Amino acid sequence: MKQEDDFKNIIHDIGCDPFYLHYHCADQIQIYRNYCKGSRPRLIIDDTGSVVKKFLKLSKQKTSSIFLYEGLVYDSQNKCSFTVTNMLSERHNSLALYNWLSRWINCDVPRPKEAVCDQSMALLSAIAKSFTQYSTLQDYIIICAGPVLGGWNTPPTNE
């Protein structure tokens, strides 16, 4: 499917066990790049589990719950929102989410300056690792909390 003419520039990564699919098209990338030129990029990430029905995989085993993850932006100048990247996945951990977001970033798009999501620890961890210079959510929180706690903290070292 990934190599078929209709999908070869849309499907960027696909797996069967567990099932996942990362997809976006060149137009979405270009629209996002243009959006970033005129505003402070803000990415909104949401997921839902009610869109995709479970199906039989190659081994005749039914998938677990498949979530649709969507990265979108709201363009306040044009008063519209648009999707810039998507993932279907039966994995819902920080590594799966990080892989999706980092593959999107590797398409030479600007990192968002702000990301909005629910309070999913897996998603928060993936966002911190994908969009900041910090490798963990804990390090990012320590740095952000520094001014509130009365000083500039540094993440702990593993020495």
Side-chain angles (χ1 to χ4, degrees), residues 1-15 18-52 66-149 151-156:
M1 187 169 147
K2 183 179 174 182
Q3 301 304 322
E4 293 177 17
D5 287 341
D6 290 343
F7 302 109
K8 69 180 175 184
N9 294 319
I10 296 172
I11 296 176
H12 297 276
D13 200 9
I14 189 169
F19 173 77
Y20 68 93
L21 176 70
H22 303 168
Y23 62 99
H24 58 264
C25 68
D27 290 340
Q28 288 172 296
I29 295 295
Q30 192 55 46
I31 290 169
Y32 179 73
R33 286 181 185 142
N34 290 338
Y35 158 79
C36 291
K37 290 177 186 174
S39 64
R40 179 180 169 90
R42 172 195 277 183
L43 183 68
I44 302 162
I45 302 173
D46 196 17
D47 64 82
T48 183
S50 62
V51 176
V52 180
I66 297 174
F67 279 57
L68 168 64
Y69 290 87
E70 184 174 40
L72 61 99
V73 298
Y74 178 73
D75 185 343
S76 58
Q77 287 180 320
N78 296 314
K79 304 212 182 316
C80 67
S81 61
F82 56 92
T83 303
V84 295
T85 185
N86 296 85
M87 175 176 71
L88 292 170
S89 182
E90 64 178 319
R91 295 181 300 170
H92 314 292
N93 58 40
S94 61
L95 182 58
L97 294 162
Y98 167 73
N99 286 334
W100 166 52
L101 294 172
S102 64
R103 285 188 65 89
W104 177 67
I105 289 295
N106 283 336
C107 292
D108 197 28
V109 296
R111 294 175 193 267
K113 299 292 184 193
E114 183 178 344
V116 179
C117 69
D118 61 15
Q119 294 181 7
S120 157
M121 289 301 288
L123 190 50
L124 289 168
S125 294
I127 287 170
K129 191 171 181 177
S130 300
F131 302 151
T132 73
Q133 70 260 32
Y134 303 104
S135 58
T136 68
L137 178 60
Q138 180 181 2
D139 289 350
Y140 179 73
I141 290 171
I142 288 170
I143 293 299
C144 291
V148 175
L149 298 175
W152 290 98
N153 294 330
T154 57

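This chain uses plain numbering: 1 for the first residue, then up along the sequence. What you see is a predicted model, and the numbers here were worked out from it, not measured in a lab.
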Less than 4.5 Å apart, side chain to side chain, heavy atoms only: is that true for Asp13 and Asn99? no
SG (Cys25) and CD (Gln30) are apart, to the nearest 0.5 Å, by 11.0 Å
To check you understand the geometry: which heavy-atom pair defines the closest contact between Tyr74 and Cys80, and what is its length? CD1-O, 3.4 Å
Residues passing the side-chain contact (heavy atoms from CB on, under 4.5 Å) test with Asn106, sequence neighbours excluded, are none
Check whether Ser39 reaches the backbone of Pro41 with its side chain - one donor and one acceptor, N or O, closer than 3.5 Å. no
With heavy-atom distances below 4.5 Å as the criterion, would you say the side chains of His92 and Phe67 are in contact? yes
Within-4.5 Å side-chain heavy-atom neighbours: Ser125 and Tyr140: no
Ignoring hydrogens, what is the shortest heavy-atom contact between Arg33 and Asp108? Give both atom names and the distance. NE-O, 3.1 Å
Interatomic distance, Gln133 atom CD to Ile143 atom CD1 [nearest 0.5 angstrom]: 8.0 Å
Atom pair OG (Ser81) and CD (Glu70), whose distance is rounded to the nearest 0.5 Å: 8.0 Å
One pair to check against side chain to side chain contact (heavy atoms under 4.5 Å, CB included): Leu43 and Val84. What are the steps and the verdict? CA-CA 9 Å; Leu43 183 68; Val84 295; 3.6 Å; yes
Going by atom type alone, with no hydrogens or angles, which donor-acceptor pairs under 3.5 Å involve a side-chain atom of residues 44-52 and a protein atom two or more places apart or on another chain?
| from | atom 1 | to | atom 2 | distance (Å) |
| --- | --- | --- | --- | --- |
| Thr48 | OG1 | Ser50 | N | 3.4 |
| Thr48 | OG1 | Ser50 | OG | 3.1 |

Are Tyr23 and His12, when compared by the centres of their aromatic rings, separated by less than 6.0 Å? no
Taking the side chain as everything from C-beta on, heavy atoms only, tell me whether Leu124 gets closer than 4.5 Å to Cys117. yes
Leu21 side, atom CG; Glu90 side, atom CD - distance, nearest 0.5 Å: 12.0 Å
With a 4.5 Å heavy-atom cut-off, do Leu123 and Tyr98 have their side chains touching? no
Can the positive tip of Arg91 be found less than 6.0 Å from the middle of the six-membered ring of Tyr20, inside 45° of the ring normal? yes
Roughly how far apart are Ser102 OG and Phe131 CZ, rounded to 0.5 Å? 9.0 Å
Sole candidate of Leu72, Asp27, Asp75 that passes side chain to side chain contact (heavy atoms under 4.5 Å, CB included) when paired with Phe82: Asp75
When every non-hydrogen atom of Leu137 is compared with those of Met121, the smallest separation belongs to CD2-CE, 3.7 Å
Minimum-distance pair of heavy atoms, taken over all atoms of His24 and Cys107: NE2-SG, 3.3 Å
Might you confirm whether atom CZ of Arg42 has over 12 heavy atoms from other residues, nucleotides or ligands at distances under 6.0 Å? no
When you compare the side chain of Met87 with that of Leu68, does any pair of heavy atoms fall below 4.5 Å? no
Parallel, tilted or perpendicular: rings of Trp100 and Tyr69 (30°, 60°): tilted
Any donor-acceptor N/O pair, Ser130 side chain to Ile127 backbone, under 3.5 Å: no
Heavy-atom closest pair, residues Thr85 and Gln28: N-NE2, 4.3 Å
